[in-house]
Amino acid sequence: MKRLVIVCFSILMVVILFLAISPSIVRNQLEKHGREWVGRKLKINDLSVNYFTSTITLTGATMFEANDKDKFVSLDSLILDVDPLEYFSSSIVVEQLYIKNLWVNISQKDSIFNFDDLIAFHNTENDTVTKPDSDKEAYLFSLSDLKLNGGTLIYNDQTHDVTQTLNNLSFYLPHVEWGRGSSKMDASFKLTEGGQFGIASEFDSEKGDYLVHLTIDNLDISSFTPYTKEHLNISEMEGLASGKVDISGNMNNLKIIDIIGNSSLEGFALTDATGQKFLAAQNIVCPIEKVMPMQSVYQLGDIIIQEPTIDFQLFKDSNNFYRSFGLDTTESSSEPDVTSENHKKTPVKFSVKSIHLEEGKLNFTDHTTATPFVYNFSKVKMDFNEIKNDSDWVNGKASMVLNDRGQLAADIGFNPSDAAMNMKVNYVISDFQLSDLNIYSMEYTGYPILYGDMYYKGIIDINQGKLNLENKLIVHHAEVGNKKGSPFYNLPLKVALFILKDKDGVINMDIPVRGDLNDPEIDIRKIIWRTFGNFLVKTVTSPFRALSNLINVDPSDIKEINYTYMDTTLVNRKEHQLDLLRKLEKNKPGLDIELVYFNDKNKQKEEIAKALKLVDTTEINAVSKAFDSTRVASVKTYLARESNDSTKIKITIPSPTNLKNTGAQPVFEIKYKMQGEEQQDFQIEEE
């Protein structure tokens, strides 16, 4: 018995000694054979096992990179508490897993990661493992009290030269059972560049249902700039993103993903390749009512955009937005976009409850003119009602300040499925300063606008691409300077404005514009300028309607004074016409009025010979000459008598060879021009 006791005691001491030194043996073996066993070199400061509680403690562990020098993963301590007896009941039970100060370095270059060799190593190892018998009962996996405290994750994207660091990474999972029951998990971490993340999730392992509560606080999006450069031609992106989002779905059906929550972006700005900020907003709030990305459903709430700023630069070949967003490239794929019958695109269903834009700014610069044209829109406000992809029509309102002086108010409507080809805008512009358009006036007409203000009421109606613009303008006290340079259009702007002014210096213009936007060669600016130019030319070449409005008469009364071949008397009708010209001369200072006498003398002589039964040519010529002299003299006498010789209305008799004499009955054509301006011939362009 004594020997037996000694032997048993010795065996026990050996076992105890073995158990005591086995962690050191395991640690040494892991460090020695780490590359063969796990695929990487390992270093472990200390490894201990509490056999009574089945707890393993690991201290100061490091896994190196493939070069055996740089750290890949390290941790200060790890505590693993398992229940080995549960293994015999087909269960793997972990009662505690605690990791402190985990440090992980992940790097990527193109599609290659620094852990690809580990994946290849373990995939090779798994190929040699005998597959388990499918008839055997699967193990139940149970994990409780999983904690990660003070973790750090470094992600280095060598392709884009970007390094992201997640600090204070914490993780807590109270309990999870794979195969039955439900579990919860909490996690949080910080980014070195700015931003905090919080995650709380619920998962039912039997049904596959999951719910993730994601919280983002002040995420600095500038660190994502290198990734946007693959799609946008920008130099910088700024902003702080925040939000609370709930993501729910089922692991067994990946198409069922439902997202709801709120999101916001503060201090957003995009800077183009030249270093100029071209798009910014102080704050953007976007509630997410329901988003199902796998089913192309996007339902958003009341979107609020505060203090947006747009800097729009127009060039002859493009604009800064097209350049920054890559929309001015003409390259296109040579292969047609073919979608198979089994993979048909799901139609997008979207809705926005409303859009509110406040205190916006738009800085517009046109570089197509000789001197850049700069115009500012401020205090921009827009409100749109619900917008849905299947809506027939959407209505909204807009208002803004024009160049710190003028005001614009508009009612806007459009078809959301094709807004560019189906829209209607009713707008009113008041206190608009004409001098703001001086650069355009010089470029296209050659006349500088000195001063003047305008009230402008317009309607833009586009129906299936058919453009219909109604422009009603009221201009006060417009004055233009003398013509300079070589303008793009030879337009009589100065004379036309002079003619259009009423006695109070007010100009009323009604200029409709028509066009077809379905024509790819259409140029809206050319259509507008052509229409405006034709209006000016028509005003100058046929000013009777505009001038008749000044004295409230029929335009035909101030167009011409007609006679018959045998008529020489200045009857009441003709005297009335001359009185109107005197009134017009008085009410329109600076207007030159000219009576140009035309007559086909040969036909007049024929009528004289026939009516007076004359044969002698000399006598016929004398009578015809007397008729002409009587008509001209009676008009001169009447004008002189009625105006006490103060009238500047003059009578001109053109050369007998003038083509307008041919076939003409005696007539005084009334010509109008602005004093100091030469009479020019303008041609109306056909539309």
Side-chain angles (χ1 to χ4, degrees), residues 34-43 62-75 102-127 148 151-167 169 171 187 189-195 197 199 212 214 216 219-239 241 247 254 257 265 268-275 293-294 322-340 343 345:
R35 179 170 287 279
E36 298 118 62
W37 292 352
V38 299
R40 288 284 182 86
K41 177 183 176 181
L42 301 175
K43 180 176 177 57
T62 301
M63 174 181 282
F64 291 90
E65 295 278 7
N67 60 12
D68 294 343
K69 295 179 180 180
D70 301 322
K71 285 195 303 182
F72 172 56
V73 178
S74 68
L75 53 85
L102 175 67
W103 186 93
V104 181
N105 179 52
I106 297 176
S107 63
Q108 177 188 5
K109 186 173 183 180
D110 296 327
S111 60
I112 301 174
F113 288 86
N114 61 336
F115 52 79
D116 286 348
D117 59 318
L118 287 174
I119 296 176
F121 175 85
H122 290 286
N123 284 341
T124 304
E125 291 292 319
N126 291 337
D127 291 342
L148 173 64
T152 300
L153 173 62
I154 300 175
Y155 170 69
N156 180 18
D157 187 345
Q158 299 179 26
T159 304
H160 300 92
D161 193 22
V162 174
T163 300
Q164 294 276 10
T165 303
L166 280 63
N167 288 322
L169 187 62
F171 184 90
F189 57 88
K190 284 185 177 181
L191 287 175
T192 302
E193 292 76 10
F197 286 82
I199 301 173
V212 178
L214 176 63
I216 303 174
L219 172 64
D220 189 350
I221 66 172
S222 62
S223 57
F224 300 100
T225 302
Y227 300 102
T228 62
K229 288 183 177 180
E230 294 184 354
H231 310 284
L232 305 178
N233 185 23
I234 64 173
S235 61
E236 190 175 353
M237 179 173 64
E238 304 173 43
I247 305 173
L254 298 180
I257 300 178
L265 185 58
F268 169 71
L270 291 179
T271 303
D272 62 21
T274 66
M294 303 304 295
Y322 273 29
R323 291 179 179 180
S324 297
F325 291 111
L327 301 176
D328 57 353
T329 57
T330 57
E331 297 180 0
S332 59
S333 176
S334 58
E335 297 182 1
D337 184 14
V338 179
T339 304
S340 65
H343 297 85
K345 292 183 178 179

Can you confirm whether the side chains of Gln108 and Asn156 place a donor and an acceptor under 3.5 Å from each other? no

Would you say that [X] contacts [Y] through its side chain, given a criterion of any heavy-atom pair below 4.5 Å between the two side chains?
X	Y	answer
Val73	Leu102	yes
Ile154	Thr163	yes
Ile199	Val212	yes
Arg40	Phe72	yes
Asp110	Gln158	no
Leu166	Thr152	no
Tyr227	Leu232	no

Identify the heavy atoms of Ser222 and Thr225 that sit nearest to each other, and give their distance. O-OG1, 2.7 Å

I need the minimum non-hydrogen distance between Ser74 and Thr62, along with the two atoms involved. CB-OG1, 3.8 Å

So, taking the atom named [atom1] in [X] and the one named [atom2] in [Y], what distance separates them when rounded to the nearest 0.5 Å?
X	Y	atom1	atom2	answer
Asn233	Leu327	CG	CG	11.0 Å
Lys41	Glu36	NZ	CD	13.0 Å
Met237	Ile221	CE	CD1	4.5 Å
Asp117	Ile119	CG	CD1	8.5 Å
Arg35	Phe121	CZ	CZ	9.5 Å
Phe64	Lys71	CZ	NZ	8.5 Å

Phe113 vs Phe115 aromatic rings, parallel, tilted or perpendicular, using cut-offs 30° and 60°? parallel

Pair Lys109 + Asp157: basic N to acidic O under 4.0 Å: no

Please report the C-alpha distance between Phe325 and Leu270 in whole Å, then the side-chain angles of each, then the deciding distance to 0.1 Å, and finally whether the side chain to side chain contact (heavy atoms under 4.5 Å, CB included) criterion is met. CA-CA 11 Å; Phe325 291 111; Leu270 291 179; 4.3 Å; yes

Using only atom types and a distance under 3.5 Å, with no angle test, would you say the side chain of Asp272 pairs donor to acceptor with the backbone of Ser324? no

